[in-house]
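The block underneath contains the structure these notes are about, expressed in structure tokens.
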Protein chains: 2
Amino acid sequence: MTKKQLIIDKAIELFAEKGIEATSIQQITEQCGISKGAFYLSFSSKDELVLSIIDHFMRLITADIDQVVRQEKDPQIKLYEFYLTTFQLFEKYAKFAKVLFREQLQSIHDAFIEKINYYDNLTNQATLRLLDELYGERIEDTKYDVLVVMKGFIHIYSQLLFAGKLPFNLQLLSETLVEKTNIIAEQTKLPFLTEEIVQLVRNPAPEELSTSHIIEEIERLTSQVEDPIEIESLSILKEQLQGERISQAILLGLLHNLANNEQCKWLVYLVKQKYTP
Amino acid sequence: MTKKQLIIDKAIELFAEKGIEATSIQQITEQCGISKGAFYLSFSSKDELVLSIIDHFMRLITADIDQVVRQEKDPQIKLYEFYLTTFQLFEKYAKFAKVLFREQLQSIHDAFIEKINYYDNLTNQATLRLLDELYGERIEDTKYDVLVVMKGFIHIYSQLLFAGKLPFNLQLLSETLVEKTNIIAEQTKLPFLTEEIVQLVRNPAPEELSTSHIIEEIERLTSQVEDPIEIESLSILKEQLQGERISQAILLGLLHNLANNEQCKWLVYLVKQKYTP
DNA sequence: TTGACAACTGACTGGTTAGTCATTACTATA
DNA sequence: TATAGTAATGACTAACCAGTCAGTTGTCAA
């Protein structure tokens with residue numbers, strides 16, 4: 001484990017316990033068994049640490065959820081898996097999720113909200129695509145309401161999950177939420193949200209999806225991954241993206257090689273967003 | 001306005017802007033135009049200020065919502081009014097509500113969560129009574145889920161309210177939530193929450209409802225209210241509660257006299273809880 | 001063994017915090 | 001006007017904070 005990862009792990013623990021604001025760098029370095037100076041070799045400031053943590057976890061979560069929604073499957077099953085994956089991710093990254101819910105509207109720094117909003121919007125996009133597959137034109141008027149209600153379900157049941165000490169039956173919970181979502185989507189006649197939310201659910205900033213940004217991510221990963229297949233895949237992927245014609249078959253094959261490595265999930269997500277239908 | 005009230009008002013503003021943790025006593029006193037020492041004449045610590053603020057607003061909110069639910073009306077109309085009142089209260093005390101949502105799961109101090117939970121449970125009790133009126137036995141299996149879903153609706157739409165700069169059409173929002181609530185309550189077959197939540201929605205601590213506690217509240221108010229009718233009502237109320245036989249007619253009449261004064265709302269709520277069916 | 005370089009340390013700076021308390025200003029009664 | 005009692009002040013303490021940097025330690029190659 002790199003020093004950076006160690007710091008992130010311990011910081012998350014402390015943030016979850018006491019909140020970001022109330023946790024000092026001192027306490028984090030003590031928990032890590034390193035000196036204060038060593039912290040500043042890995043991160044230039046406390047803010048950078050927090051932003052790194054948000055990026056780190058939100059990328060994992062966003063990529064996983066997107067992957068579930070992109071599958072070629074019965075949309076009803078995907079809806080179930082969407083809920084289940086979401087709750088499983090919250091369980092897996094419980095401490096981070098606690099921090100997230102905790103500081104939610106809270107700022108300390110506008111940059112934090114902005115970053116969280118950015119990833120939130122990405123997930124909203126994926127969810128809207130799923131809703132379109134599920135109900136299509138039938139919920140044209142109410143789709144934003146259905147989206148928001150789904151987020152409300154997730155939000156409030158997550159709170160219970162965190163308040164109670166677990167373990168909950170997440171499969172059963174997801175089943176009941178699928179039922180509720182279908183009922184709401186099929187029966188709701190009155191829309192509330194129309195255009196206001198379009199601003200809130202705005203498209204993600206496009207610069208993230210530039211080819212050069214993706215190439216950078218590949219180069220970053222090249223120095224981190226160890227598996228030879230993955231290294232070669234990254235190398236070929238770079239060539240493909242820089243070449244003139246891109247073979248979908250090769251692309252998908254390469255992404256498949258990389259999909260199981262947590263570090264590469266974000267890259268896979270970015271490439272799929274940009275180059276696959 | 002008392003000095004205490006001035007401090008509460010300005011503190012709420014600053015807390016809403018920057019969060020509780022990030023707001024110093026210094027800043028609060030500067031905003032009030034008083035010295036640091038003067039603050040400590042009104043509150044013994046920052047924690048006491050925060051707890052006072054929570055009490056102050058949660059009492060107003062709890063009492064108002066309880067009053068809506070207690071009316072003798074068509075339950076469907078009460079459901080609508082329940083939502084509308086909730087959102088109107090959030091709008092009225094927007095700054096406090098922001099602080100509440102902001103620090104939500106956050107502790108800084110366990111005492112804060114405990115207090116918020118206490119009032120949350122009171123509102124849950126009122127909501128469950130309303131659900132019983134609305135759907136009775138039909139939702140015996142799913143009533144806790146319906147309760148939680150209602151809270152999810154309120155939570156997530158409130159977040160939108162706070163994120164967007166308002167103004168939203170709260171009447172329309174409440175109408176759509178009535179529709180959604182009815183749909184969920186009448187159509188949901190699969191229960192998820194059963195007994196776990198009974199622990200979370202536990203009854204409020206009973207000591208709050210002791211007669212002596214209510215008498216104390218009357219005495220506290222006697223030195224604060226100015227309207228002669230209200231002063232006399234408090235005096236007679238005290239006699240009634242200390243006497244052996246309590247006349248329901250007199251009681252209700254007195255409560256009616258006091259109901260319009262914001263300061264007295266909590267007393268009215270307490271007496272109704274204890275002495276009226 | 002030596003030298004070069006990177007990793008690491010922790011005392012230190014300048015700043016902010018909650019809370020205290022000797023002192024002063026004000027107010028009301030005699 | 002004199003006096004007693006209360007309200008208010010703000011300099012002060014001790015603790016903590018993020019971030020810095022001169023100096024130490026560890027490592028590896030020559």
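Side-chain atoms are counted along with the backbone in the values below, which use heavy atoms only and exclude waters and symmetry mates. Here is how names work: the chains are called A, B, and so on, in the same order as the sequence lines, proteins then strands, and each is numbered from 1.
The CG-P distance, from A/L6 to C/dC8, rounds to 11 Å in whole Å. If you take OH of A/Y40 and P of D/dA22, they are 17 Å apart, rounded to a whole angstrom. The CD1 atom of A/I20 sits 16 Å away from the C1' atom of D/dC17 (whole-angstrom rounding). As rounded to whole Å, 15 Å separates atom P of D/dA18 from atom CD of A/E48. In this structure, the CD atom of A/Q26 is 8 Å from the P atom of D/dA18, given to the nearest Å. To the nearest angstrom, P of C/dT20 lies 16 Å from CZ of B/F43. The CD1-P distance, from A/I25 to D/dA18, rounds to 5 Å in whole Å. A/I7 has its CD1 atom 13 Å from the P atom of D/dG19, to the nearest Å.
In this view, B/F90 and B/F101 satisfy the ring-ring contact (aromatic ring centres under 6.0 Å, His included) rule, not counting sequence neighbours. For the side-chain contact (heavy atoms from CB on, under 4.5 Å) test, residues two or more places apart in sequence or in another chain that qualify with B/K265 are B/L60, B/A63, B/D64, B/E262. Annotation: salt bridge (Lys or Arg N to Asp or Glu O under 4.0 Å) contacts of A/E219 (sequence neighbours excluded): A/K238. A/Q5 is linked by a side-chain hydrogen bond (donor to acceptor under 3.5 Å, both in side chains) to A/D9, counting only residues two or more places apart in sequence or in another chain. A search for side-chain contact (heavy atoms from CB on, under 4.5 Å) contacts involving B/E230 returns B/V225, B/D227, B/L258, B/N261, not counting sequence neighbours. Every side-chain hydrogen bond (donor to acceptor under 3.5 Å, both in side chains) that B/D55 has, sequence neighbours left out, goes to B/K115, B/Y119. With sequence neighbours excluded, the residues satisfying ring-ring contact (aromatic ring centres under 6.0 Å, His included) with A/F43 are A/F39.
Heavy-atom minimum distance, B/K36 versus B/T29: CA-CG2, 3.9 Å.
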Write down the protein N/O and nucleotide N/O pairs, taken from nucleotides 4-9 of chain D, whose separation is under 3.5 Å; answer none if there are no such pairs.
residue, atom, partner, partner atom, Å
D/dA8, OP1, B/K3, NZ, 3.1
D/dT9, OP2, B/S35, N, 2.7
D/dT9, OP2, B/S35, OG, 2.8
D/dT9, O5', B/S35, OG, 3.2

Please write out each protein N/O paired with an N/O of nucleotides 14-16 of chain C under 3.5 Å, distance rounded to 0.1 Å.
none

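For the 3.5 Å distance criterion, the side chains of B/T23 and B/Q27 fail to qualify, holding no donor opposite an acceptor.
Contacts of B/T23 with the nucleic acid, taken as non-hydrogen atoms under 4.0 Å apart, involve only primed sugar atoms and P, OP1 or OP2. Within the nucleic acid shown, A/S44 has no heavy atom closer than 4.0 Å to any nucleic acid atom.
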